Amino acid sequence: MDWVSDSDEKNSDNFSWETDEDDKESPADPPGEASEAGPSQPSLYSHFIGMGFSGDMVEKAIKENGEGNVETILETLLTYSAIGNSPSDCEDAPAECPVTSDEYSFDSDIDTDDPNDQDFIEGPQEKDKKLLILVDMGFSPEEADAAIERCGLDSSVLELADSIHAAQMAEEPEGIGWDCPKTRFEAAEGSSYGSTRKKRSLIEVKRKLKRSCLSQRRRDYVRKSTVDFDDAPLAIPKPMIGFGIPFEKCITRRSLPEAAIGPPYFYYENVALAPKGVWDTISRFLYDIEPEFVDSKYFCAAARKRAYIHNLPIENRFPLLPIPAKTIQEALPMTRQWWPQWDKRTQLNCLQTCIASAKLTERIRKALENYGDLPPPRVQEYVLAECRKWNLVWVGHHKVAPLEPDEVEMLLGFPNNHTRGGGISRTERYKSLGNSFQVNTVAYHLSVLKSMFPNGINLLSLFSGIGGAEVALHKLGIHLKTVVSVEKSEVNRNILRSFWEQTNQKGNLIDLDDVQLLNGDRLESLMKRYGGFDLVIGGSPCNNLAGSNRHTRDGLEGEHSSLFFDYFRILDLVKSIMVKNL
DNA sequence: TTTAAGATGAAGAGGTCA
DNA sequence: TGACCTCTTCATCTTAAA
């Protein structure tokens, strides 16, 4: 077993794969300690730099839109990228596109008297930034430098990359590419040539620009009463069974957008009932794949409405055995003797991060103690409402209680005592469990990997939490050759480490604490050492999406939930690096 | 300093009914 | 079809207790 923590990386001289290059501060890295990454401007700045935009564009876009509006900043950046320095270019945009040169002109907003804008126009700093971005895109420094010489420093990164690509096309023979499936670039361009990393990025940027125009149009016209099919938000299917559930008739075939096909496999999860438009945006970024909406009540005794976007096959899925109980009374048999006839619940609601207080259960006991087995309707209604709200179960006569952490572990499909011990408090256990995957549900989706990777898989696990993905794969009997796990919470990292040790894993566990530190160089280094990733899995924070959040339900622009864009950024980098190394 | 308790609504889906 | 209603929701913040 080889386990390496992020802190060990920094402190150990034995960490051979970590080169000195990795220690150099990249412009994509936020300043300060890794664990301090947050919503501040440097973080946003590095966030978008990591996506391949120039520093000046990012600064300008943040200045225009404010720090809080991540999606608008992104759309502005995509617009900048496509129109480059020529506002007139945007006039060639589709007629319905509301982006005018007046609104999004890049040059026209430059104040030549402003030293900041002067830096933007020209300067060594700008050249360095463009060089770095091009290198990060996968071009060699020589190619990047030659392109700047050819096109001039005023050229946009997009134009420079186009120029490099043109030079590559002139040099490379035709017919090089993936055998099957087609690459995203091939799909987009109809080319027979296997894509380079940047070539695909260009297509993506252009595609997103088009979509950003559509999105802008959507914002402008959505208030009108006319119904446009394209503008209809994603509908949540009913029943919420995704492509199917065990032992029921399932959909076994689907057509993925071609841009989504190809290594690595990926699997993204978040709350299904997010604010309107969130899943449209997530889907748009994740290669236009339709989300699979699944309620875990079909897999266990608790509801958990989640959506999953993945490019996994959906044929020949199989469930984990034994099949978990699907009713409260079967899952928690000790409650049967106390369960009143007038409480018709058979399943629990979503298991959240907080539980009911002792005072509430005391109030319920007092409300019931004056009555026999059949309290009056108003008392029943009050008690049932609180029971549904807090997932209370009957543990005695007139006595309800919140679930114990062990019971939550069991309902979510984790091993007994998975989160217990090792210094974790009861409150932290509830919080970590409330934020985790339902293992049986995820395992059902991942089960198709077992026959595809008989010798095990390399896993990049983003926002790992308490290791729901790792547990699911382990329970499926899929050997974990290498797991690069990124999780900010030390408590959660300790839980995963404990799982790794308790289950005698023989593979490598590399443990990082901040997704924002995973830049192209570091990913390439990891992938070079371990041979790439077979699966990129993660569920980014839901804090700003969840209905329970009364304070900061800000959608994907929220402080925590905007980390989705890091999932996308990292996934796109992994795809690009793997294509490049084919 | 850490942990737990208690108070804090709103968004959105879905059902019913006129 | 739209108004109205019920139900559900991977949470956050402040304060008190240990």
Side-chain angles (χ1 to χ4, degrees), chain A residues 39 225-227 232-240 268-280 282 293-297 300 302-308 344-345 347-364 381-382 384-392 401-405 408-409 411-414 419 423-439 441-442 463-469 487-492 538-556 558-561 563-564:
Chain A
S225 57
T226 52
V227 177
L234 280 169
I236 294 180
K238 188 185 172 185
M240 202 186 286
Y268 175 79
E269 179 262 11
N270 216 316
V271 291
L273 304 180
K276 278 184 177 176
V278 164
W279 278 106
D280 297 82
I282 293 174
F293 290 95
V294 183
D295 189 337
S296 292
K297 72 178 184 180
C300 67
R304 204 166 186 79
K305 297 179 181 68
R306 297 290 180 270
Y308 308 86
K344 304 295 185 188
R345 289 178 300 154
Q347 289 196 302
L348 297 160
N349 284 328
C350 184
L351 306 173
Q352 301 197 42
T353 57
C354 301
I355 61 165
S357 66
K359 281 195 173 181
L360 174 64
T361 56
E362 174 68 2
R363 282 199 295 271
I364 290 173
E381 284 176 20
Y382 163 72
L384 285 175
E386 295 297 339
C387 286
R388 277 195 294 264
K389 182 178 179 182
W390 294 105
N391 278 325
L392 302 175
L403 296 165
E404 289 295 312
V408 180
E409 281 175 350
L411 288 163
L412 291 174
F414 286 94
T419 60
I424 183 171
S425 72
R426 187 180 163 89
T427 304
E428 286 172 324
R429 288 182 75 188
Y430 282 118
K431 186 177 179 186
S432 295
L433 286 161
N435 283 310
S436 72
F437 288 167
Q438 205 289 325
V439 170
T441 310
V442 172
F463 315 102
S464 302
I466 58 175
E487 168 56 40
K488 195 167 186 177
S489 161
E490 185 180 1
V491 164
N492 289 345
S540 57
C542 68
N543 311 40
N544 308 114
L545 309 180
S548 306
N549 189 338
R550 305 176 181 195
H551 300 276
T552 54
R553 198 182 186 200
D554 302 327
L556 288 176
E559 175 186 353
H560 305 288
S561 296
L563 288 171
F564 159 74

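Predicted model only: the values in this text are computed from it and were never measured.
One atom, CE of A:M240, and another, P of B:dG14, lie 7 Å apart when rounded to the nearest Å. Atom NZ of A:K431 and atom C1' of C:dA11 are 9 Å apart (whole Å). Residue A:L384 contributes atom CG, which lies 10 Å from atom P of C:dT8 at whole-angstrom precision.
For A:R363, whose side chain is taken as the heavy atoms from C-beta onward, the closest listed nucleotide among B:dA7, B:dA13, C:dT8 is B:dA7. The side chain of A:R553 sits closest to B:dA11 out of B:dA11, C:dC10, B:dA13. Candidate nucleotides C:dT9, B:dA13, C:dC10 were compared by shortest atom distance to the side chain of A:N435, and C:dC10 ranks first.
Using modelled atom types, one finds a donor on one side chain and an acceptor on the other under 3.5 Å when comparing A:S548 with A:Q352.
The partner of B:dA5, taking Watson-Crick or G-U wobble pairs whose two distances both stay under 3.5 Å, is C:dT14.
No engagement by A:Q438 is indicated, since no non-hydrogen atom pair under 4.0 Å with the nucleic acid exists. Within 4.0 Å of A:R306, counting heavy atoms only, lies at least one base atom of the nucleic acid. Within the 4.0 angstrom heavy-atom criterion, base atoms lie near A:S540.
To the nearest whole angstrom, the two P atoms, one in B:dT8 and one in C:dC10, are 22 Å apart.
Counting distance only, with no hydrogens placed and no angle test, the side-chain atoms of A:R388 and the base atoms of C:dC7 include no donor-acceptor pair under 3.5 Å.
In terms of position on DNA chain B, the residue among A:S548 and A:S357 whose nearest nucleotide sits closer to the 5' end is A:S357. Projected onto DNA chain C by closest heavy-atom contact, A:A385 and A:C354 fall at different nucleotides, the more 5' of which corresponds to A:A385.
Residue A:N543 places at least one side-chain N or O closer than 4.0 Å to OP1 or OP2 of C:dT12.
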